[in-house]
Number of protein chains: 2
Amino acid sequence: MQREDAVTEHPAFDPYDPGCPSRQLVDRIGDRWTVLVIGVLAEGPARYGELATRVAGISPKMLAQTLKALERDGLVTREAFNTVPPRVEYALTPSGASLQPVLLAVSSWAREHAGSVLQAQAAYDG
Amino acid sequence: MQREDAVTEHPAFDPYDPGCPSRQLVDRIGDRWTVLVIGVLAEGPARYGELATRVAGISPKMLAQTLKALERDGLVTREAFNTVPPRVEYALTPSGASLQPVLLAVSSWAREHAGSVLQAQAAYDG
DNA sequence: CAGGATCCCTTATGATACTG
DNA sequence: CAGTATCATAAGGGATCCTG
């Protein structure tokens, strides 16, 4: 259990503490769509429709939701042009860009170990 | 998308890009409990109850489930001692240990940016 | 002590249709 | 084009009880 008045302090962020903002961030990084969206934006700004295309399989709802969350977290900027037809561009902020290497490390590890993991699974199942 | 009928015979959560096992791994890394469990084991072998204590908030079900998945993936070993009372020790395999730096990068990023993210959220909400 | 088996509920997510 | 609104479903996860 936890103290109610812990808000007044500004302690070290502890991912092991449920309810700690840093844990929330870890969760976000782990999010299925977040990773993919940031991956696309890491290559440059993109429009909504472009994202919808490149992150294949994502529903409009999830895309909008993911982008909104990222924008709220200050990881992504949203720029709307009042034209016809409408045009909205998303881009990574410096914070968002700083996340890229981390995500890269994750996917690198995954690529490197995918083989041995598959092997281990087969052995375990057998 | 898929040409399959409404028959969902396989619980494959891969939204798209099938045939990429590394994708499965990324999802695992992103798993809320996996990250925390590996984090604890990175400091050395631990018993079931020890893990239950240190990974605050996890239920027996989730802990067992997470450990089993990690064991199947060859990231964690399980050693059961046939004593009374029972004693089971979990430890990282080399593969699992190699994951530590990656996870460390993730939580480091989270700790570093938690502040600015909170700030961004406040600004967004206001 | 370690964990399996259940039950149940909350939330996440997807499909679809609609609007500024 | 860029979303929003709504609905239905499935999965994640917690609580609890039980056993080797």
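It should be emphasised that the depicted structure is a prediction, and the values quoted were computed from it without experimental measurement. Chain identifiers are assigned alphabetically (A, B, ...) following the order of the sequence lines, protein sequences preceding nucleic acid strands; residue numbering begins at 1 within each chain.
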Would you classify A:Arg47 as touching base, sugar-phosphate or nothing, given that sugar-phosphate means primed atoms plus P, OP1 and OP2, and contacts are heavy atoms under 4.0 Å?
-> sugar-phosphate

Verify the contact: side-chain N or O of B:Tyr90 to OP1 or OP2 of C:dG3, cut-off strictly under 4.0 Å; return yes or no.
-> yes

To the nearest angstrom, the CG-P distance between B:Leu63 and D:dG12 comes to 17 Å

For the pair made of CG in B:Leu70 and P in C:dG3, what is the distance, rounded to whole Å?
-> 13 Å

With sequence neighbours excluded, what pairs up with B:Arg47 under the salt bridge (charged side-chain N to carboxylate O under 4.0 Å, His left out) test?
-> none

Separation of atom CG in B:Leu51 from atom P in C:dC1, rounded to whole Å | 15 Å

Minimum heavy-atom distance between A:Ser98 and B:Trp109, given as atom pair plus value | OG-NE1, 2.9 Å

Are A:Leu118 and B:Val26 grouped together when hydrophobic residues (ILVMFWY) are joined by side-chain heavy atoms under 4.5 angstrom apart?
-> no

A:Arg87 CZ to D:dA2 P, in whole Å, measures 8 Å

NA contact type, A:Phe81, heavy-atom cut-off 4.0 Å: base, sugar-phosphate, or nothing?
-> nothing

Rounded interatomic separation in angstrom, taking CZ from A:Arg78 and P from D:dA2 = 10 Å

Is the backbone N or O of B:Ala69 less than 3.5 Å from a side-chain atom of A:Tyr124, with the two atoms forming a donor-acceptor pair by type?
-> no

Within less than 4.0 Å of OP1 or OP2 of C:dG3, is there a side-chain N or O belonging to B:Lys68?
-> no

Reading nucleotides 13-20 of chain D from the 5' end, what letters show protein touch, with B for base, S for backbone sugar-phosphate only, - for no heavy atom under 4.0 Å?
-> BBB----B

Listed by chain and number, what are the ring-ring contact (aromatic ring centres under 6.0 Å, His included) partners of B:Trp33, not counting sequence neighbours?
-> none

Closest contact, heavy atoms only, B:Thr93 versus B:Gly74 | OG1-O, 2.6 Å

Please state how far atom CG in A:Leu67 lies from atom P in D:dA2, giving the value in whole angstrom units.
-> 11 Å

